[in-house]
Amino acid sequence: MHDTTGHPDHLCTRRLFLQRGLTFLSLAATTPLFIERSARALAPPEGSLLSNRPGVPEDRVLVIVQLSGGNDGLNTVIPYGSSEYYKLRPGLAVPAPNASGVDSGSRALPLQPASGLGLHPSLAELKDLFDDGAASIVQGVGYPNPNRSHFTSMDIWHTADPNARGDGWIGRYFDHTCEGEPDPEGAVSIGRTAPRALLGATNRPVSFENAELFRWLGEDVHESLEAPYDRINRAEPPANIDPDSQRAFLMRTALNAQVSSDRIRKAVAQRPLVSYPRNPLSAQLQTVAALIRGGMNTRVYYVSQGGFDTHAGQAGRHASLLRQLAGALKAFHADLKAQDNAGRVLTMVFSEFGRRVAQNASGGTDHGTAAPMYFVGDPVRPGVLGDHPSMARLDQGDLVFNVDFRCIYAAILEDWMGADAAATLGRPFRKAKIIKA
């Protein structure tokens, strides 16, 4: 992996392969003998394996939650102390808390009374995490020359490039820290397709919507396909095979796929330690929690929640989405707590842009720019971080961002993932202070 001086470990994949292979062998006494023989034959000699280097936190996990469609940050973190907010949103503004500070059920939940900031009333379960010191908000996140296209703006976030060019930022992270060969279980995406953020030049994530379908399906097509597949995968490597050869690489890749499939399906089959709400995001995070509990060596998990493009009839729909988000995040954190894993998992929540400050004629909001980001986990600096964008100094009706999102990425890469942020992002960025010292 990447050490503190920025020099790549060219043996990353081979070291991880042996670690994961032997870990898998220890999971069950019924592991087929051919897997053990293959793992030992394909791994390089023990003397050539590099041990874990100081300063590289290989046990830390990043979970990314994407809110697709452009979440309305102004009705998520309510600037109830601003008269402009109520002037520009006469039908959508969330009422301020009662003077006594007691919530009536439809009023903003105060976060920083002195600053006039609160959460949407549907985020009561996220407020619980704030009160417990396990959540934070970074205000006014965006980028220069904002793009209001869903696809282009999301690509900008995924590539960490204002021109939306190149590979994904997480993919580049793996390319720089595991140079030469892909990390087979480094990133896992729960969904039909892998997001661009996880795609690198050599690294590709594991992606599945249903863990039970993450396996060889040829035998479901026709029983005659089972025997050839089994014969290929049970073929033992020659005794004199060179671990650095192309043949060994292909055999390792095939074996990694089979081992990953078995590990994932076994992990997801466990009953969760807590109850999750019944909604798609909760189901995704429940799967992630099961994989973490199951001992996967995955560094990055990616999930998403759609429906945030609220051009019309926003109030009820947005409230429902936020309620689902808060419930899912709270259950996920409780599950990690029950596993004793809460200290090694950081959850980041983002959307491709916020909404315009003024409501439209359809009871909704149109594509905007700057918006808050949210973080959950024991490692975060709790509370509201940074200043809320000015409600009086707008740019053509939009909020002006305070924090470049790449400053967030730099903090995650260096302070959490132990990587060289400049190598991944292309140049240095001033790190946002989101992780506890």
Side-chain angles (χ1 to χ4, degrees), residues 63-82 84-85 88-89 92-94 108-113 115-131 134-143 146 148 153-154 156-157 304-305 308-310 314 318-319 321-326 328-330 346-357 365 367-377 380-391 393-395 398-409 411-412 432-435:
V63 178
I64 301 175
V65 180
Q66 174 179 305
L67 307 182
S68 300
N71 177 47
D72 183 11
L74 277 176
N75 269 26
T76 303
V77 181
I78 315 296
Y80 64 81
S82 168
E84 290 297 315
Y85 169 70
L88 294 170
R89 294 192 168 197
L92 279 182
V94 176
L109 307 173
L111 284 173
Q112 286 188 335
S115 300
L117 293 175
L119 286 176
H120 190 284
S122 290
L123 293 174
E125 290 179 290
L126 182 59
K127 176 69 160 53
D128 292 340
L129 294 174
F130 273 91
D131 294 342
S136 66
I137 290 172
V138 181
Q139 302 191 88
V141 183
Y143 55 88
R148 293 178 182 81
S153 187
M154 191 63 81
I156 289 171
W157 280 81
S304 63
Q305 180 185 18
F308 286 91
D309 196 17
T310 50
Q314 174 177 309
H318 192 233
L321 289 169
L322 293 181
R323 189 176 300 110
Q324 293 176 39
L325 173 64
L329 291 173
K330 186 176 182 180
L346 172 69
T347 300
M348 179 189 91
V349 184
F350 84 100
S351 192
E352 68 263 40
F353 44 60
R355 316 295 292 187
R356 292 181 70 80
V357 175
T365 52
H367 300 177
T369 55
M373 291 180 69
Y374 319 92
F375 294 86
V376 175
V380 304
R381 288 181 61 216
V384 181
L385 310 179
D387 297 325
H388 192 282
S390 171
M391 295 292 294
R393 185 174 61 88
L394 304 180
D395 180 10
D398 285 317
L399 297 174
V400 178
F401 80 98
N402 294 327
V403 180
D404 191 307
F405 75 96
R406 291 165 292 183
C407 296
I408 304 289
Y409 288 0
I412 291 172
K433 297 179 180 179
I434 58 175
I435 308 296

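The analysis underlying the following values was restricted to heavy atoms, covering all of them including side chains, and did not include hydrogens, waters or symmetry mates.
Checked by atom type and distance alone, the side chain of Arg355 never pairs as donor or acceptor with a backbone atom of Leu74 at under 3.5 Å. Checked by atom type and distance alone, the side chain of Gln305 never pairs as donor or acceptor with a backbone atom of Leu67 at under 3.5 Å.
Using a 4.5 Å cut-off on side-chain heavy atoms (C-beta onward), Val94 and Tyr85 make contact. Side-chain contact between Leu322 and Leu126 is absent, with no heavy atoms from C-beta onward closer than 4.5 Å. Side-chain contact between Lys127 and Leu111 is present, with at least one heavy-atom pair separated by less than 4.5 Å. With contacts defined as side-chain heavy-atom distances shorter than 4.5 Å, the pair Tyr80/Pro113 qualifies. Inter-residue side-chain proximity for Ile64 and Met348 is flagged as met; some heavy-atom pair is nearer than 4.5 Å. Looking at Val349 and Leu329, their side chains come closer than 4.5 Å, going by heavy atoms from C-beta outward. Residues Tyr374 and Val65 fail the side-chain proximity criterion, which asks for heavy atoms closer than 4.5 Å.
Across every non-hydrogen atom of Val138 and Ile408, the tightest pair is CG1-CD1, 3.8 Å. Nearest heavy-atom pair across Gly383 and Phe130 is O-CE2, 3.8 Å. Ala326 and Ser122 make their closest contact through CB-O, 4.1 Å (heavy atoms, listed as atom of the first residue, atom of the second, distance). The minimum heavy-atom distance between Val380 and Ser136, with the atom names listed, is CB-OG, 4.0 Å. The heavy-atom pair separating Gly73 from Pro372 by the smallest distance is CA-CD, 3.5 Å. When every heavy atom of Pro79 is checked against every heavy atom of Met391, the shortest pair comes out as CG-SD, 4.4 Å.
Applying the salt bridge (Lys or Arg N to Asp or Glu O under 4.0 Å) criterion to Arg323, with sequence neighbours excluded, gives no partner residue. Applying the side-chain hydrogen bond (donor to acceptor under 3.5 Å, both in side chains) rule to Arg381 yields no partners; only residues at least two apart in sequence or on another chain are considered. The side-chain hydrogen bond (donor to acceptor under 3.5 Å, both in side chains) search around Asn402 returns none, not counting sequence neighbours.
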| query | Is there a side chain to side chain contact (heavy atoms under 4.5 Å, CB included) between His318 and Phe308 once you walk through the steps? | reply | CA-CA 7 Å; His318 192 233; Phe308 286 91; 4.1 Å; yes

| field | side chain to side chain contact (heavy atoms under 4.5 Å, CB included) assessment of Glu352 paired with His367 | value | CA-CA 10 Å; Glu352 68 263 40; His367 300 177; over 6 Å; no

| request: List the steps, then state whether side-chain hydrogen bond (donor to acceptor under 3.5 Å, both in side chains) holds for Arg89 with Asn75. | output: CA-CA 10 Å; Arg89 294 192 168 197; Asn75 269 26; 2.8 Å; yes

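The aromatic rings of Trp157 and Phe350 sit parallel, their planes meeting at an angle under 30°, below the 60° perpendicular limit.
Counted by atom type alone, Gln66 and Ser68 present one or more donor-acceptor pairs between their side chains at under 3.5 Å. In summary, the side chains of Ser153 and Tyr143 do present a donor paired with an acceptor at a separation below 3.5 Å, with no hydrogens or angles considered. For Asp395 and Thr369, the side-chain atoms include no donor-acceptor pair closer than 3.5 Å.
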